[in-house]
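Position 1 is the first residue of the sequence, and the numbers go up from there. Values below: every heavy atom of this structure, side chains too, minus hydrogens, waters and symmetry copies. When a ligand or atom number is given, it counts from 1 through the structure's own listing order.
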Amino acid sequence: MPVITGVCPHDCPDTCAWQVTIDPATGRAVRIQGHPHHPVTRGRLCGKVDRYLERTYHPDRLTTPLKRVGPKGAGRFQPIGWEQAVREIADRLGEIVARHGPEAIMPFSYAGTMGLLQGEGMASRFFNRLGATRLARTICSEAGFEGFQYVTGRVMGPAPEDFAHAQLILIWGNNTLTSNMHLWPFVQQARKRGAPVIVIDPARTRTARIADEWIPIRPGTDGALALAMMHVIIAEDRVDHDFVAQHTTGFEALKARVRTFTPAWAEKMTGIPALRIVRLAREYAAARPAAIRVNYGLQRHGAGGMAMRNIATLPALVGHWRHRGGGVLLSASGAFHLDKTMLKRPDLLGDRQPRTLNMIRLGDALSLDPARRAQAYYAPRPIDRKPAAEDAGPPVMALIVYNSNPAAVAPDQRAVRAGLAREDLLTVVLEHFQTDTADFADYLLPATTQLEHWDILKPYGHLYLALNRPAIPPVGDSLPNSEIFRRLARGLGFRDDAFEQDDVSILQEFIEAQTHPTLAGITWERLLAEGFARLDLPDPFLPFADGFPTPDGKCQFYSQRMADDGYDPLPAWVPPNWMIEDQRLKTEEEREVERSPSIFNLQSLILISPPAHNFLNTTFANMERFRRREGEPTVWVHPDDARARGVGDGDAVILENDRGPVQLTARVTEDVMPGVLLAPTIWWAKLSPDGHNVNWLVSQTETDMGGSPTFYDVRVRLRKLNVSGKPGNR
Ligand SMILES: Nc1nc2c(c(=O)[nH]1)N[C@H]1C(S)=C(S)[C@@H](COP(=O)(O)OP(=O)(O)OC[C@H]3O[C@@H](n4cnc5c(=O)[nH]c(N)nc54)[C@H](O)[C@@H]3O)O[C@H]1N2
Ligand SMILES: Nc1nc2c(c(=O)[nH]1)N[C@H]1C(S)=C(S)[C@@H](COP(=O)(O)OP(=O)(O)OC[C@H]3O[C@@H](n4cnc5c(=O)[nH]c(N)nc54)[C@H](O)[C@@H]3O)O[C@H]1N2
Ligand code: SF4
Ligand SMILES: [Mo]
C-alpha cells in the first residue's frame, strides 16, 4: 500500500513527521504513524494526532460552503456552491472597500496550521493586495520572545537532542509531557546519566509528578527567582569570568543591580524558601552544563517579558552556552533564516501602510466606539503610543477568520462576542468544523486538513524543516486555504500573477529563493525525496558559544535597545498584575465583608489555564473521544482554598470577576499551590456547562512586552454553585 510522508501542522514545538498509508482500492487513508527516521519524532505521534484520520473523516467535518440563514451567532446555515459563495463575499468586500476603505477589512488568524503556505502564505498575498488592516499575531508568544531576544539577539537554544548531554535540567513553566512530549526521551537520557530534573511550576503537572523535584512557584514571579539566582551566583563568585569578559556587556551594572535581590526577598515574592533558592543557584552554576526548558506558560503574565529577560540572562553568567546541551531553549525558530518575501509578497501593498491591530484586543477592534478601537492598536513598547480616538480609522466591517477560533481562544469573550454579533459585520470563517467562531459566520467555508494539501513547516522546537504532501483528495468540496484566497482574489478582480501560481510551484520557488547558508543543502528535490531536512548547522549546535547576534556581538546584561524602547535596560523586578491589584482588592473586599459579614469567603484567587493534555488549544476538543478523556471543564483547587469556601471535590463551582461568570467542576487537590486555581483548557464554550469557557474571565490587558495576553494573570472569586443550580449564593 502506498505510504505518503507528511508533517503535523499543529501549534506544537515537536512538528512531527508522519507516514500515512493509503488503501489503493478506496483511496482512503487507513493508517497514520510517526516517521521512524525523524530524529525527534522517532516513530511516535502524540495521542491526539494518532487519531488524525478520525478527525479528517469525522462526520461533523464541513464539506460544503455554507451561508447563514438564522440570526447572527445561532449557527444556522444552508449549503451554497463555491461559485455563489465567492461571488457574494467578493461583492460585499468590494462594497466595504468602496464605502469605508480597505482597512475596514480585518484578517484574524493564528496557528491552526503552522504551514507556511496554508498559514500566512497566500492569505498575506491576498490581504496585502487588498490593503486590509494588518493583524499583530500576539496571542501566544510575543512577550517572552521579546524578552529573550533583547538579551541574545535571536531566539534560539540547544537542540532537543542535546538535552541528553545536560547535567541538570530545569523545566521552567512547561508541562513537557503534554505540550512538548518529544523532548522527554532526551530528558530521560540525561537522567540516566545522573542529571536531576527539576520542574518549576505553580502546579504539580504530570511532568512535575515524574520529575525528581517539583518547586512550586507563585504565578508571574519567575523574574524574581531568576534575579535571586543571579544574586547568589555573583555574591558567591560562581561566575564564568572568562565567558563574561569575552561575550557579555554590562556585568558591573548587573552586579550592582542584583545586590538587593536576595533569596530572602525572593522568597516573599515567589513562595520558594530562601534556602532552596540558594541551593538551586549553586546547583545551576555547578552543572556543566544545565539545560533550561522554558516555555510560554510563565510569560502569560503582566510582566512576562521581563521574567523571560531575566531567565535568558542566566546561562551567560555561568558560561553554559559553551557546552553541548547548555543554555535556555524557549524556541528554536531563530535558527531558521527563512526569507518569506516571495511567499507573502509585501510588494503588493505598494506604498500603502495600513494600520496594525492587536489580535488579543479583538473585542475592542470590533467595537463601533472609536475610543475602544484606538485601544486595539498594536503599540507594544512603552515608547509606542495608541492613537487618539479620532485617528482610529474606519470601523471593522468585515472579519475574515482562518486557522483560529477567537470565540473561544481570545481574551474577554463578552467583548469578542458582542463584536461578532454585530449585524452589520460581514464575517467569513474558513474552518474544518463548526466551532464557536463558525457559529457567528455569514459565510462558512470548508477547508482541507493537512492530509489533503501541500505545505512546508518550520518547527519551533527543533531544527528540521519539513514538507507535507497531500495523502488523499479533499474531503467533500473542501479547499485549501490557499485556493480559497486565490478564488476570493479573482472574485475581487485581482489579476496579479501572485494569484495564478499553484501551491506546488509556490513552495518550490520559495525553497529555491532561500539564500542563507544554513538552508543551502535543503533543495526541493531533497524535501520531495526525504520529507524533512536538518538545517546545515554544526552538530552539536552551540548557538551562542562564540558570541551573540546583537549589535555589539555580546549578551546584553545591559541592553541599550531596551533603554531605547522605554524599558529598564537591566534585569528588573516587575510584579505581575495580580500582585499590583492585591492591595486594592484586599481593601475593597474587606469593606464588602464588613457590609455583609455572613458572606462566604470573597478573597480572590489567581487563575491559570494551561493546555489540557488531550486538546490542542480548541482543536480536538469537539471530538467525543478526547472530551471523554479530559472529563469535563475542571478547576484544580487547593484543599485550604476549597475548605474556606465550603467546596468539595466534584462540586460544581462558579468563577467570577468583573467579566465572568464561568461554571466548572472542582477538583480538590494538593497538586496546585494554595491561592492558585488551575483550569486545563481550551474547551469549546458551546460544549461547556454554562456556554462559557475560562476566557470569559480574562481581560484584554497587555503584557509589558510584545502586546501579548495575560491569560494566567487573572483574579477570580470562587464559590460553590448553589443547589438550585443557579449561579449565586448571596
Ligand atoms: N497537548 C497540548 N499540547 C500543546 C498545546 C495544547 O493546547 N495541548 N498548545 C500548544 C501551544 S499553542 C503552545 S503555545 C505550547 C504551550 O506550551 P507551554 O506554555 O509550555 O504550556 P504548558 O506545557 O502547559 O506549560 C505551561 C506551564 O506553565 C505553568 N505556569 C503557568 N503560569 C506560570 C508561571 O507564572 N510560572 C511558572 N514557572 N509556570 C507557570 C502551568 O502550570 C503549566 O504547567 O504548547 C503547545 N502544545
Ligand atoms: N485561557 C487560555 N486561552 C488561551 C491559551 C491558554 O493557555 N489559556 N493559549 C493561547 C495560545 S498559546 C494560543 S496559540 C491560542 C490558540 O488559538 P488558535 O490558533 O485559534 O487555536 P485553535 O483553538 O486550535 O484554533 C485553530 C483552528 O484552526 C482550524 N484549522 C486548522 N487547520 C486549518 C486549515 O488548514 N485551514 C483552516 N481554515 N482552518 C484550520 C482548526 O479547526 C481550529 O478550529 O489560544 C490562546 N488562548
Ligand atoms: S501535536 Fe505535537 S506531538 Fe502531536 S503529532 Fe503534532 S507535533 Fe507531534
Ligand atoms: Mo500557543
Side-chain angles (χ1 to χ4, degrees), residues 7-18 32 34-35 38 40-41 44-52 55 61-62 108-115 117-119 123 137-141 178-183 295-297 299-300 359-360 400-411 413 429-438 444-453 455 457 459-462 466 478-482 484-485 607-612 615-622 662 679-684 693-698 708-712 714:
V7 55
C8 176
H10 288 301
D11 190 352
C12 166
D14 296 359
T15 306
C16 295
W18 67 33
I32 188 165
H35 201 296
H38 190 289
V40 180
T41 308
R44 284 188 64 202
L45 301 173
C46 65
K48 307 172 294 294
V49 175
D50 256 342
R51 301 285 172 178
Y52 202 75
R55 184 174 189 276
R61 232 345 252 288
L62 298 171
F108 193 97
S109 66
Y110 202 63
T113 169
M114 296 205 306
L117 177 61
Q118 309 302 341
R137 294 187 171 81
T138 55
I139 202 165
C140 176
S141 57
T178 286
S179 65
N180 182 196
M181 63 169 264
H182 291 82
L183 178 65
N295 214 347
Y296 293 109
Q299 48 100 63
R300 306 196 200 291
M359 70 184 296
I360 73 142
I400 302 180
V401 182
Y402 53 102
N403 305 335
S404 188
N405 185 9
V409 307
Q413 284 291 308
V429 178
L430 287 59
E431 251 302 347
H432 298 151
F433 290 99
Q434 191 174 334
T435 59
D436 287 320
T437 307
L444 179 50
L445 306 178
T448 46
T449 71
Q450 191 81 338
L451 289 189
E452 303 147 69
H453 55 228
D455 220 330
L457 270 286
Y460 61 91
H462 58 72
S478 64
L479 291 174
N481 290 347
S482 54
I484 300 175
F485 284 112
L607 172 68
I608 61 178
S609 52
F615 306 155
L616 206 136
N617 301 321
T618 66
T619 307
F620 300 103
N622 60 322
V662 174
T681 206
I682 308 170
W683 291 81
W684 284 27
N693 72 11
V694 291
N695 283 329
W696 286 76
L697 298 160
V698 178
S708 286
T710 52
F711 285 122
Y712 305 167
V714 180

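- Two rings, from His38 and His462, have their centers less than 6.0 Å apart.
- Ligand 2 is surrounded by Asp11, Arg55, Tyr110, Ala111, Gly112, Thr113, Ile139, Cys140, Arg300, Asn403, Ser404, Asn405, Val409, Leu430, Glu431, His432, Thr435, Ala447, Thr448, His453, Asn481, Ser609, Leu616, Asn617, Thr618, Thr619, Thr681, Ile682, Val694, Asn695, Phe711, Tyr712, each with at least one heavy atom closer than 4.0 Å.
- Each of Asp436, Asn617, Thr618 was evaluated against Asn405; a single residue qualifies, Thr618, per the side chain to side chain donor-acceptor pair (under 3.5 Å) test.
- The shortest non-hydrogen separation linking Leu451 to Trp18 is CD2-CZ2, 3.8 Å.
- Less than 2.8 Å away from atom 2 (Fe) of ligand 3, the protein contributes these N/O/S atoms: Cys12 SG.
- Around CZ of Arg44, the count of heavy atoms belonging to other residues, nucleotides or ligands within 6.0 Å does not exceed 12.
- The aromatic rings of Phe485 and Tyr402 stand perpendicular to each other, their planes meeting at an angle above 60°, with 30° marking the opposite boundary.
- Residue Phe433 is tested with Thr619, Asn622, Leu444 for a side-chain contact (heavy atoms from CB on, under 4.5 Å); the sole match is Asn622.
- Under the rule for a side chain to side chain donor-acceptor pair (under 3.5 Å), the partners of Ser482 that lie at least two apart in sequence or sit in another chain are Gln118, Asp503.
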Item to check | side-chain hydrogen bond (donor to acceptor under 3.5 Å, both in side chains) between Asn180 and Asn295, worked out | outcome: CA-CA 10 Å; Asn180 182 196; Asn295 214 347; 5.1 Å; no
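- The side chain to side chain donor-acceptor pair (under 3.5 Å) search around Arg55 returns His432, not counting sequence neighbours.
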